[in-house]
Asks: 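Got a structure here, written out as structure tokens. Questions coming.
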Amino acid sequence: MPELPEVQTIVDDLRRKVVHRKIIDLWTDWPKSIKGITPAILKKRIRDSKILDVKRLGKNILITLDRDRALLIHQKMTGHLMVGRWFLKKTRAGWLVTNPIRGPFKDRVNQYVHVIFSLDNGKMLALSDMRKFARVDFGESKYIFSLPAIRKLGLDALDGHLTPAIFEKIIRTRRKSIKQTLMDPTVVAGIGNIYADDILWSIKVHPARPAYTLDRSEIKKLLISARKILKKAIRLRGTSVGDYRDTSGRPGGYGRELLVYRRTGEPCRRCRTPIQRMVLGQRPAHFCPRCQKL
DNA sequence: CTATAAACCTGCTGGC
DNA sequence: TGCCAGCAGGTTTATA
């Protein structure tokens, strides 16, 4: 689900909804969602933690707690964070979580909720994830920031410290394709498959071009375009291709604006040539064979 | 070191 | 209608 704009949307929601709240309980039916420690230990250690802040680190969500501790959540492909009131219900098949949010969810039971933090205002922060790839990590700030996922994170795509000159230096040393380079979180943080395709289409660069072949002006255009597209997607509250939803269960609006992503066979928005699909680094890449020459 | 593949999971889609 | 291969927003780990 989540790339930079989707994660930012979630973080903005969470700042309004859970900052200053206390976590009073923890429930999970998928212990693997929690890294490092058992759910029972996390439950004990997190009780009565006050939420001080919520931030985005690349595609990770950092929830800062009191007593110098923090939660780090990565939603991976199909993870969702939702805030609301749920009810646990025991059935023959196990625990089910009922979800009163109306709208995009097909029914009132969200069978994919696997972790729930109960808050002191009667609401719950729930992690729902159909594919169970999402992970929650907990510990002292020192521990969280020592995690490879954070330590090795490149500069954020929207971070002002990432200047055209620095971006050029990074891009020009990479031998991989420009698309795989853009999607590598240790190079630039936040760009995933959807936005990488749209960004490259917008500057007419073929996704398979080796990164080091881009010249200075192309790299500058790349950075400017990346920021423009990511900011537009944040304004529209993300892309809902598949099942992405915000913390209230509402879809994002960028899906209608997609430039090439998942438009295989459809006409290029510039020249009407049918969009092509190829595979790069095990991921699909979409491009216009006429606008984006190798 | 690099490049590719597999692993982690479930549900949906399309072809036969 | 039914089955099954292939595919999906991401990242880490294994293999060559």
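All values reported here derive from a predicted model rather than from experimental measurement. Numbered from 1 within each chain, the chains take letters A, B, ... in sequence-line order.
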Asks: Taking the cut-offs as 6.0 angstrom to the six-membered ring centre and 45 degrees off its axis, would you call A:Arg174 and A:Tyr212 a cation-pi pair?
Replies: no
Asks: Tell me what A:Arg174 touches on the nucleic acid: a base, only sugar-phosphate, or nothing, going by heavy atoms under 4.0 Å.
Replies: nothing
Asks: Could you give the CE-to-P distance, from A:Met130 to C:dG9, as a whole number of Å?
Replies: 12 Å
Asks: Could you give the distance separating B:dG14 and C:dG9 at their P atoms, to the nearest angstrom?
Replies: 16 Å
Asks: Polar atom pairs between nucleotides 4-8 of chain B and protein, under 3.5 Å, N or O only, would you list them?
Replies:
unit_1, atom_1, unit_2, atom_2, d
B:dA5, N7, A:Gln282, OE1, 3.3
B:dA6, N7, A:Gln282, OE1, 3.4
B:dA6, N7, A:Gln282, NE2, 2.8
B:dA6, N6, A:Gln282, OE1, 3.1

Asks: Whole-Å distance between B:dT10 P and A:Asp129 CG?
Replies: 10 Å
Asks: Test: side-chain hydrogen bond (donor to acceptor under 3.5 Å, both in side chains). Region: residues 17-26 of chain A. Which pairs qualify, not counting sequence neighbours?
Replies: A:Lys17-A:Thr247, A:Lys17-A:Ser248, A:Arg21-A:Asp120, A:Asp25-A:Lys43
Asks: Measure OH/A:Tyr254 against C1'/C:dG9 and give the value in whole Å, please.
Replies: 14 Å
Asks: For B:dT13, give its Watson-Crick or G-U wobble partner with both distances under 3.5 Å, or none.
Replies: C:dA5
Asks: Is the terminal nitrogen or CZ of A:Arg269 (NZ for Lys, CZ for Arg) located under 6.0 angstrom from the six-membered ring centre of A:Trp201 and within 45° of that ring's axis?
Replies: no
Asks: Tell me: CG of A:Leu4 to P of C:dG10, nearest whole Å?
Replies: 11 Å
Asks: Roughly how many Å apart are C:dG10 and B:dC1, using the C1' atom of each and rounding to a whole number?
Replies: 23 Å
Asks: What integer distance in Å separates A:Leu57:CG from C:dT11:C1'?
Replies: 16 Å
Asks: Once side-chain hydrogen bond (donor to acceptor under 3.5 Å, both in side chains) is applied, what residue pairs with a partner in residues 185-195 of chain A remain, sequence neighbours excluded?
Replies: A:Glu6-A:Tyr195, A:Lys179-A:Asn193, A:Asp184-A:Thr186, A:Tyr195-A:Thr239
Asks: Closest to the A:Tyr244 side chain: C:dC7, C:dG9, C:dT12?
Replies: C:dG9
Asks: Rounded to the Å, how far apart are A:His74 NE2 and C:dG9 C1'?
Replies: 10 Å
Asks: How far does the P atom of C:dT11 sit from the matching atom of B:dC12, given to the nearest Å?
Replies: 24 Å
Asks: Indicate the atoms forming the closest heavy-atom contact of A:Leu280 with A:Ser177, along with that distance.
Replies: CD1-OG, 4.0 Å
Asks: Give a yes or no on whether the backbone of A:Val54 and the side-chain of A:Arg15 come within a donor-acceptor separation of less than 3.5 Å.
Replies: yes
Asks: Is the shortest heavy-atom distance from the side chain of A:Phe287 to the side chain of A:Thr264 under 4.5 Å?
Replies: no
Asks: Can you measure A:Met183 atom CE to C:dA8 atom P for me and round it to whole angstrom units?
Replies: 11 Å
Asks: Are A:Trp30 and A:Asp129 packed together at the side-chain level, in the sense that at least one heavy-atom pair is separated by less than 4.5 angstrom?
Replies: no
Asks: According to a strict under-4.0 Å criterion, is A:Arg245 in side-chain N/O contact with OP1 or OP2 of C:dG9?
Replies: no
Asks: Measure the distance from OH on A:Tyr112 to C1' on B:dC9 and round it to the nearest whole Å.
Replies: 11 Å
Asks: Which one, C:dA8, C:dT12, C:dG9, comes nearest to the side chain of A:Glu3?
Replies: C:dG9
Asks: Just N and O in the side chain of A:Lys59: are any of them under 4.0 Å from OP1 or OP2 of C:dG9?
Replies: no
Asks: Considering only atom P, compute the distance from B:dA5 to C:dC7 and round it to an integer number of Å.
Replies: 13 Å
